[in-house]
Each structure stands twice: as structure tokens, then as C-alpha cells.
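Working notes for the structure below.
Numbered from 1 within each chain, the chains take letters A, B, ... in sequence-line order.
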Amino acid sequence: MNEDPAEEPLASETEAMLLAHVSSILAGAAVTAAALDDLAEELHGHLVERLRSHLSQGMSEADAASRAIADFGPADRLAREFGRTYHSRLWASTIGVLLPAVVTSGERPRVVAWLRFTVGVAAVLLFGGLILNASPATPLRALGWTAVDLVGLGALVLAYRALGAGQRWALWYAIAVAVVLLAIGIGEVVWPSRPATLTISLGAVLAGGVLLGVRSAWGRLQAYVSGSRPIGRGLVIALAGSLLLPVFAGPVLAVLPDPTQASVADLTLRVSMTCDGGNPASGGPSASGVQRITLVSEATWQRADFLPLGVAGLVPSSSPQGDGAGFQVINNQPAGAIVPTWLLANNGPQVVDVQTGEAAGWFGASAQSEALLPPTVGSFTIGIEPAAIQAGHTIRASWLLAPLSPAGAAWPRIEAAYVHLDRFMLVGSVGCGETVLGHGAPLPQPVTQAQALSFP
Amino acid sequence: MVTPRLDRGDKSLLLLGLLGEREMYGYELVAELRARTDALIDLPEGTVYPALRRLERDGLLAGRWVEVDGAPRRRYYALTAAGEHALAEGREAWHRFAGAAEGLLGR
């Protein structure tokens, strides 16, 4: 046996103390994997040498270990200095502060694991929300969603790690996440997104249970994070923003103008109506001929959207999406009448690209915007291929109408409308022999399938 | 190239100064700093390592591991050519600063 205590092997508890200090420093420093082992060996070697020098002066091993660790310096300070060595100043002043090393003094309460699980669930929900929200969004809005949700995800990952290291900010952040999940769940019950439905959010149930657990273990939680240092006000505000932004991003991004998309100013709608076979001058039918109305709507685009349906629009879809156009014959169905006065006189309207002569749409299609043409739903609407909408091209739709009654009918006025996706609408009202330019009109509430199929 | 400035509170120049004499490892540098300054410069010992790694990252030092009988390996550091140049510049800056301070306060 070696008689010099400074030469004897160290007790496993002593080694564990030294290694814990080294781990604490390097965990907070977040150094690269390549540098980690190298640094750990160097720092551990220093601690062992200092400890042995204290041992040679007659200290007990436990005291010598504590003294060596104290001589070496506080883990959080060293972690910050290593952080500045291996990372940028921005990193050191943000993440380097949020993830410092803390040797937790108190035992980790079980509810900490549940809080971390809740944070993990929130991260999964946020990631799912990112896919659902960003993929069908226009480019600028998709970027907005991605930025907001990535910041939120980053904060959640940081909070997950920092809570494991006994950080007080992470405890409050996790509690706030649980409160937000609970509030969203309550909101779904009180203001359901689909009327007359009851949605119980599993996330809200989890959050409610965890919050009760936090309440009962509050004293132990306080002890668990007691070694943590406060973070600056700026970081507190940034963390609060990262938590609330994903919740409120939807309404903000929805009204955010996206310059990659065409506006109502980029579309010209020309509507014309020709009356044949009757007596347009007298405004009534004539027994001398069969009445016919030719209604033509020409939509000319000065500029087209870039990825109007987001990256999701690049994936072939079984349900056609695009623009819609249609018309209503004003007073076509007088009160008490069972059927309309004017109907299509042939198989359906023609939709062509004037420049190429190719078909550019279809009759009666279920285009995304069709539901926004309320008076014409289910009758004379057309769908327009998204690919046909190109800058400098004109899409012409023409309808041929005839009166239902062989006795003829009074010449009507007709209002034609063109809706671009669910974004804007142009309308124009014409009578016999007239040509008008459409003007912007407010979008009505979308019509449900049930409403569309119900006839008065 | 980064030149450590002692007059601006950068302790790296002291490390370069010591390593300009001979190759040393971290523990040895801390002990030398303490002994040579009569413990006037007595930093938390661990702070020497981020400084050494920073100097190594900047190309002023080169580190190498050395096996030691019955003890953990030691990582020795030596000045590179850039380190010698930085040390010379740092010394010159320090002498100018110290001379100016002496002229002002030394009476």
C-alpha cells in the first residue's frame, strides 16, 4: 500500500464529485462533441492534481476535493467563458445564459419529468402546426409561420434541457406552456371551431394534471431550482414572445400583405351580354324568334401569384382547386316561382385561354373559390385551372341562356362575378348589349355544402 | 491576428508571456502565475483553460498531449510563430501603456 495519501487512488465518491463539476461546466458551455472529451480530460486532470496537492498538505480527501473544486471556480462562470470561446457573442449572451450549468441542490421532484413531458408535447404540437399552417400558405406567410414556430420550438427545446439542469426560468416557462395548453383546450370547449361539437384536448387534460402536480410539489420545486441564477429582462421578454407568438401568429399573418401574390388591381374583368331572337329594344320577348343571351366574362391577369397555394399546391390533389366564376340572373326566380326563368341553353359554358385557345377550366367544378359565389352556387358556375392563370393571359368564359318558357321572358339584367381563390372578388352587372368592367366587391362568407344544395 | 492587450484587462498576454519562456500545461501555468506575481494575480484556476483554448483557436498556441506516469495526461501548450509575434506586439503595447501611466502617476 502506498503510504503517501497524495499517491493513493481516489475514492469513487471523490472521482464522482470531480467529474460532476467538469460535466457541469461542459454541459453549460455546450462545446462541440469533438472538443468535449479533450476538454473533460484536461479539466479533470487539473482538478486531480490540485486535489492531490491539498492532500499532501494533510487535508482529508473530501475536504481536498471540495477545495479543489472551489479553487477551480464556479461552473456557471467557467461555462460562460467556454461558451464565449466556442460560440458567438450573441450565443453567449442568450443561450449561454439560458443554459448555464447548475448543480441542483434539491432532489428532482417527479413533477419535473411531467413538466418536461408537457414541454415535449407542446413541441410536437407546434411542429405539427408548422407543417399544417406553413405548407398551404403563400411564400411570405409560410416564412412567417416557419420563423415564429422555429423560435417557439427552439425555446421549448431550451426549456426542456434547462429544466433538467434546474433552471428557474425553465420551470416558469414550462408552467406557462401548461397554462397556454390548458387555455387553448378551454377555448375549444367554450368556443368550438365547429358549432355543436365538443372537443376535449388531451394536451389540456395533461396540462391541467401537471399544474395540479406543480401546486402540490411547489416547495420541492423551489428547492430544485434554488441554485439557478436570474436571467435578464430582455431574455424574459424574448421567452414570453416565443411562447405567445405561435398562438397569435395566425390572425396577424392572415392580414399580412404578401407581395408575392396578385391583388385585385392585377386583374381586369370585362363582362358583356348579347341578346338575340327577341326584342331587346322593347325589353321583352318577341314571338318572332327564340330568345338567346350570350354572356361573356373575360378575366385578364397583369400579374400572377407565386405559389398561391404554398408548397402544398405543388402536390397533385384529387380535389380541383382554383378560381371560380359565375353569374346570377337578377330576379330570375320571382317569389313563388318553382323554377328559374332563364336556364342554360346548351351543355354548359365554355372556358378557354384566349391566347392559346386551350381549355382553361370546367363547368360546375368544385373550385376552392366557388363557395364564395353565393347566388350562383350549384347552377352556372365554372372552375378555372390554377395553371391557366398566367400574367398577360385572358380567360374567357361564355354562357348561352334561354328562357324556360316557350312563350319567352323579359330580358333580364345579369350580374357576373369572378373570385380568385378565397382572396378577392370582382363583379359586373350588364343588360342587353352592354359591356362593363368589373369592380371589387367584399367577399361573402363561404357557403356550406348543405346551403349550396338547398333550393328555395 | 488577435493581439492580447494587458492594458485592456486581457490576461491572455500573461499566459503568452509565460509560455514564451517554455512549454507548460494548465496547472503549471496557474502555479507560475501565482508564484511569479506574489499571488497578486489569483484567478479562479479554471479560467485559464477557456483563455488557452481561445489562444489555440486563434493560432497563437499549439497544444499537445503528454503521457505522465501514474497521473492523468497533461496538455502542454507552446507559442506558435504567430503567438511569438503577438507576444512581441503585446509587450510593446504594454510598455507604452506602463510608461505613460508611470509618467502620470509615478511622481
Side-chain angles (χ1 to χ4, degrees), chain A residues 2 4 6-10 15 18-19 21-26 28-32 34-56 67-89 92 96 101, chain B residues 2 4-5 8-16 18-19 23-35 37 39-78 83 86:
Chain A
N2 198 330
D4 184 354
E7 298 293 323
E8 287 183 7
L10 299 176
E15 276 288 5
L18 302 184
L19 289 173
H21 194 59
V22 171
S23 299
S24 202
I25 294 166
L26 297 181
V31 297
T32 59
L36 194 66
D37 291 344
D38 204 47
L39 272 174
E41 185 176 357
E42 188 174 25
L43 304 191
H44 176 254
H46 183 115
L47 284 167
V48 169
E49 193 160 355
R50 172 57 69 209
L51 180 148
R52 291 203 184 282
S53 82
H54 288 314
L55 282 179
S56 66
R67 182 72 185 276
I69 287 171
D71 291 343
F72 203 67
D76 58 346
R77 174 179 172 180
L78 294 172
R80 274 199 304 280
E81 294 207 12
F82 273 117
R84 278 195 286 268
T85 300
Y86 288 95
H87 302 281
S88 68
R89 189 182 292 268
Chain B
V2 180
R5 297 284 300 268
R8 294 181 185 169
D10 185 354
K11 307 293 184 298
S12 302
L13 186 59
L14 296 176
L15 297 177
L16 290 182
L18 287 173
L19 291 170
E23 193 181 41
M24 288 188 223
Y25 67 104
Y27 184 88
E28 190 181 9
L29 278 163
V30 170
E32 281 288 316
L33 262 180
R34 190 173 288 145
T37 63
L40 192 66
I41 296 176
D42 191 15
L43 302 167
E45 295 175 4
T47 57
V48 77
Y49 292 99
L52 287 170
R53 293 294 176 139
R54 211 158 31 239
L55 291 167
E56 188 178 19
R57 180 201 64 193
D58 293 341
L60 306 185
L61 296 182
R64 67 183 182 97
W65 285 102
V66 174
E67 299 291 341
V68 180
D69 282 342
R73 290 194 304 166
R74 291 170 180 165
R75 188 169 169 81
Y76 277 82
Y77 294 90

Under 4.5 Å from any heavy atom of chain A - which part of B/Pro72: side chain

Against chain B, label A/Arg50 side chain, backbone, both or neither, depending on which of its atoms sit under 4.5 Å from a heavy atom there. both

At a heavy-atom separation under 4.5 Å, does A/Leu47 approach chain B through its side chain, its backbone, both, or neither? neither

Reported CZ-to-CD distance for the pair B/Arg75 and A/Glu41, which is rounded to 0.5 angstrom: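 Between B/Arg75 CZ and A/Glu41 CD, I get 9.5 Å after rounding to 0.5 Å.
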
To the nearest 0.5 Å, what is the distance between CZ on A/Arg52 and OH on B/Tyr27?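 Atom-to-atom, A/Arg52:CZ and B/Tyr27:OH are 11.5 Å apart.
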
Per the side chain to side chain donor-acceptor pair (under 3.5 Å) rule, which among B/Arg53, B/Arg73, B/Arg74 passes with A/Glu42? B/Arg53

Look at B/Val68, B/Thr47, B/Val48, B/Val30 and state which one has the largest set of heavy-atom pairs under 4.5 Å with chain A.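 Between B/Val68, B/Thr47, B/Val48, B/Val30, the count favours B/Thr47.
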
Are B/Trp65 and A/Asp38 side-chain neighbours, meaning at least one heavy-atom pair lies under 4.5 Å? yes

Testing A/Ile25, A/Thr85, A/Leu43, A/Leu78 for side chain to side chain contact (heavy atoms under 4.5 Å, CB included) with B/Tyr49, which one passes?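 So the option named by the test is A/Leu43.
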
Chain B: which of A/His46, A/His44, A/Arg84 shares the most heavy-atom pairs with it under 4.5 Å? A/His46

Taking all atoms of both residues into account, what is the closest heavy-atom pair of B/Pro44 and A/Gly73, and its distance? CB-CA, 3.8 Å

